[in-house]
Amino acid sequence: MIDSVSIDRRKPEDSGISFGRLRTDAIKLIEQFSGQQWTDYNLHDPGITILEQLLYAITDLAYRTEFDYEDYLAELDGRINLEKLGLHQPAEILSCRATTLLDFRKMILNAVPEVDNIWLQAMASQDSKQPYQGLYQMSVKLSQELVGDALAKVIEKIKHTFYQSRNLCEDLGHFDIVENIDYELCAEIEIDSGYNPAHILARIYFGCAQRISSSVLISGYDQFVDPKPSFDQLFDGPYTENGFFIDRNLPPRQSEFVVSELFSIINAIDAVDHIQALSLSRHGETFPDTIVSKQAGEAFDLKVPNSASAIKVILKTNGRVLPVAFSDFMARYDEINFRYNRSRSTPQDLTLLYPTLEGEFRNLNQYFSIQNQFPANYGINQMGVPASAATETKAKARQLKAYLLIFEQFLTNNLASLSNIRELFSPDSKQLSSYASQSLSNRQINDLDAIYPENPDQIIKQIVAKFDRYHDRKSRLLDTLLGMYGESFNQNSLRHFSDYYSKNEVETVIIENKTAFLESIVKLSRDRGSAIHYQSSNPQPCGLALRVAMLLGMAHQDGYLCTAMREQCLELCGDQTYQQRFSDSAAFALIDSKGGVFDFSQPSLETPSDLLPITEVQSKVADLAPLKVNLLPETLFKNGIYINRYRIARDQSTDQYHLTFMIDDDHHWLLNSYPDKAAAARTANDLRQYLILLNKRSEGLHVVEHLLLRPKDSAFVLTTDDETDFDFYSFKISIVLPLWSKRCDNNEFRLLAEETIRLNTPAHILPKIIWFDLPQMQAFEWLYQQWLEQITETDIDARLVDQAALALARFLNDQHKANLPETVE
């Protein structure tokens, strides 16, 4: 038998941290470094006394590192705050979106108890030239006949569940409610004596009705017996909180039903002895073998008797017909049916599957000084040195205290780090250090104030900070947590495109990005292929857009990418246009740095104390020359984010300070003039911050599913001469990104963005990536908004939707062709 290869979490006794092993190793070091200066290693030697006390403290520290993992994470009440630690329950993290047709059936059956069964299939192509792949045909069988508003509400709920669970490039092409065709049960059944015939009859009717109507069976999570399914089996697919659907209990749609299947249902009832006769009937016609549906939109159903005379099932005992009380029968049937319906609509308590994660809270940072373990004649324990002792004796005791304090500070800092594990691993922790520290007190060490510095906490933190590579250590901790979920968030590439941040800010932003990714790990992982709920009044971005935006460090906007420029009433223009338009205006003067009239200096970079809204920053720079006329030259917009592009020019004749922007080494644009240099420097930093906010708010992406643009009317079909792209609609998406921001103007960043998009797009979907400048994006977003408003209307006008969809499809197709690289022959 081959032993499994593993590393024991528990260290062996002689692991290097046992008291005996530590003492042996320490003596060897003493011999090595002290030579003949120290030869007495017996217990009475003061050096050995100090050594053994220190080793005792180290073994205590080692002991505190051996607790169960849960103990380091437990709060005061012993509970573990999983959300704070970036951890998730199995049902939340293991389940996925509806992916297969069975998954969609489970989602709808779980959400809509009025549905008896539901069937989905890929919609057959009606036109060989336009095979719209990704369309589903849905047929629904209701548990009871509904009409009017009640029916409309159930249909709306079914469609809402589907659209909410919809994936990219999938849609509902056809929907219908199947008609229930009622059959009556005819039988003669011998049952054992001692049973209530009305109760047995109710069980017979309910069981047969479930089988004939293809009703779905659902199992409560608390009904499993050993062996219980594992978590990955329970949560394989979408999580259904009302119960567990077993695939074999999701019967397919059937066009015929064999009556003999009811024998096993009836015989499974413990009171049934044998079945003498069994058949189904409808309108006086008897079907002893098989019933067959005559039309595609029909489904079988069993008619439950509404009166005693309608009961055609005869129960006998020893050949004697048993009377059945109809009221008793209906009461029992309604009870069974109620229990079944309740199980379809009652959320399950999953704590029955796994216990709440708890640990034992331990006060890990509590430290008891080793000085209190020394004999009294050392004068360093709580008794101290007698007041009558000589000054030299007091000085020696204080000197020994100071010497030991260095080691004790290390020990108590390590205990503080152990106690800080919860905060260290917590994604939402606001701590900006990875090493913890704590100061000692007079209660722990007698007369400590005499040798401790003032403000010890502050000084100790400053010392520890010199050795704390916070960003590196915190980043690796977050990588560990991400790795638990099979994710990685490598932002090394983004360091090359950190235009909006100073060198110190970049590492902090990377930590913030990883933290935000980890906090949204469930949604970003599970919903990476999700599509917008386009029939919602407020459609949210699809999962792919959210994931890519976060991976690229884009603050994805829920609205439109041109909104920032539009709200600020700014027009982006070329440099030549800007200079020509105001060539005769002194307020827009072009300053020549070679003239010798001005003394130029560069303003220093100021880190903003807080992140202000863009409107507040705009008010600080509204009097600058270009912003007065709502005109922003591209060079200023893209390069104004760098503080080294600004200059403060002192006018020697007027003693004013002009804030300028460098176009090149010799020429500057005049932005404004100030009476003092500090005001000009503050404005330069405010303008830099304003332009950074504008750039960041202009970044994001739109994902357009071509399938949603498909025509309902053949007159609105997009036609193209490109034979390689004859099918515009199936499994294709257009991803639209801005070209006018500083980062997106970088060709290397665009390559990174395109690679990220392709890596995260589902493998069966072809992404068509298009980069738009500001005018193109404005045109696209107007068309996109017009289409979205039409498709989200309560009463959809199919013709208006098709018109808006065709206009958007043509625009995207034309722009895509224009962006294609030229073929090299």
Side-chain angles (χ1 to χ4, degrees), residues 499-500 557 559-593 598 603 612-649 656-674 679-700 738-746 771-782:
D499 305 89
Y500 308 142
Q557 307 298 318
Y560 297 93
L561 305 182
C562 300
T563 301
M565 288 294 195
R566 185 169 59 251
E567 288 179 348
Q568 298 298 307
C569 301
L570 290 174
E571 178 185 347
L572 201 61
C573 68
D575 297 352
Q576 294 292 335
T577 302
Y578 179 78
Q579 290 178 192
Q580 291 173 4
R581 186 169 179 179
F582 304 105
S583 58
D584 299 331
S585 174
F588 298 88
L590 187 66
I591 298 176
D592 189 344
S593 60
F598 303 104
L612 299 175
I614 192 171
T615 51
E616 293 189 31
V617 182
Q618 192 273 341
S619 64
K620 296 182 178 183
V621 296
D623 60 344
L624 295 180
L627 300 182
K628 280 183 177 180
V629 293
N630 301 326
L631 203 62
L632 200 56
E634 289 186 7
T635 297
L636 178 60
F637 175 68
K638 294 177 182 177
N639 297 309
I641 63 176
Y642 303 119
I643 196 67
N644 60 4
R645 294 294 293 267
Y646 297 95
R647 292 292 184 270
I648 300 175
Q656 278 196 320
Y657 293 88
H658 303 299
L659 177 61
T660 69
F661 176 76
M662 292 178 59
I663 308 172
D664 52 43
D665 292 339
D666 299 329
H667 299 90
H668 300 239
W669 280 325
L670 175 63
L671 298 178
N672 208 348
S673 301
Y674 301 90
R682 283 196 302 271
T683 305
N685 278 276
D686 289 338
L687 179 56
R688 171 184 175 269
Q689 189 64 25
Y690 177 65
L691 294 175
I692 287 175
L693 290 173
L694 273 179
N695 272 271
K696 291 170 66 176
R697 287 193 59 185
S698 296
E699 291 183 348
L739 194 57
W740 66 90
S741 76
K742 175 60 181 179
R743 287 201 311 168
C744 294
D745 188 41
N746 186 322
W771 296 87
F772 285 161
D773 59 23
L774 185 57
Q776 290 172 321
M777 186 66 78
Q778 289 172 336
F780 161 76
E781 290 190 338
W782 186 86

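No hydrogens, no waters, no symmetry mates; every other heavy atom, side chains included, goes into these values. It should be emphasised that the depicted structure is a prediction, and the values quoted were computed from it without experimental measurement.
- Interatomic distance, CG of Leu687 versus CG of Leu627, reported as 6.5 Å (0.5 Å rounding).
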| field | Verdict with reasoning, Gln689 to Asn685, per side chain to side chain contact (heavy atoms under 4.5 Å, CB included) | value | CA-CA 6 Å; Gln689 189 64 25; Asn685 278 276; over 6 Å; no
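- In terms of the side chain to side chain donor-acceptor pair (under 3.5 Å) criterion, residue partners of Arg743 (sequence neighbours excluded) are, by chain and number, Glu699.
- Under the rule for a side chain to side chain donor-acceptor pair (under 3.5 Å), Glu571 has no partner lying at least two apart in sequence or in another chain.
- The side-chain heavy atoms of Pro633 and Trp669, taken from C-beta on, include a pair separated by under 4.5 Å.
- In terms of the ring pair (Phe, Tyr, Trp, His ring centres under 6.0 Å) criterion, residue partners of Phe661 (sequence neighbours excluded) are, by chain and number, Tyr646.
- Evaluated for a salt bridge (charged side-chain N to carboxylate O under 4.0 Å, His left out) with Lys638, the options Asp745, Asp575, Asp499 yield exactly one hit, Asp745.
- Listed by chain and residue number, Tyr560, Leu561, Cys562, His702, Met777 satisfy the side-chain contact (heavy atoms from CB on, under 4.5 Å) test with Glu781 (two or more places apart in sequence, or in another chain).
- Nearest approach of Arg645 to Ile663, heavy atoms of both residues: NH2-O, 3.5 Å.
- The heavy-atom pair separating Ala625 from Leu670 by the smallest distance is CB-O, 3.8 Å.
- Although no hydrogens or angles enter the test, the distance criterion places no donor-acceptor pair under 3.5 Å between the side chain of Gln579 and the main chain of Gln576.
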Expected list for residues 614-623: side-chain donor-acceptor pairs under 3.5 angstrom, two or more places apart:
| from | atom 1 | to | atom 2 | distance (Å) |
| --- | --- | --- | --- | --- |
| Ser619 | OG | Glu616 | O | 2.5 |
| Asp623 | OD2 | Asn672 | ND2 | 3.2 |

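- The structure places CE of Met565 at 7.5 Å from CH2 of Trp740, a figure rounded to the nearest 0.5 Å.
- When all heavy atoms of Cys744 and Leu739 are compared, the pair lying nearest together is O-CD1, 3.8 Å.
- Side-chain atoms of Asn746 never come within 3.5 Å of backbone atoms of Lys742 as a donor-acceptor pair (strictly under, hydrogens ignored).
- Between atom CG of residue Asn630 and atom SG of residue Cys573 there is a gap of 11.5 Å, rounded to the nearest 0.5 Å.
- The structure places OG1 of Thr577 at 8.0 Å from CG of Leu631, a figure rounded to the nearest 0.5 Å.
- Once rounded to the nearest 0.5 Å, the distance linking CG of Asp773 with CG of Leu572 reads 9.5 Å.
- In this structure a side-chain-to-backbone donor-acceptor pair under 3.5 Å is missing from Ser741 to Asn695.
- The closest side-chain heavy-atom distance from Leu694 to Leu570 is below 4.5 Å.
- Counting only residues at least two apart or on different chains, no salt bridge (Lys or Arg N to Asp or Glu O under 4.0 Å) pair has a member in residues 681-694.
- One finds the CD1 atom of Ile641 at 11.5 Å from the CD1 atom of Ile643 (value rounded to the nearest 0.5 Å).
- Pro738 and Ser698 get closest at one heavy-atom pair: CG-O, 3.2 Å.
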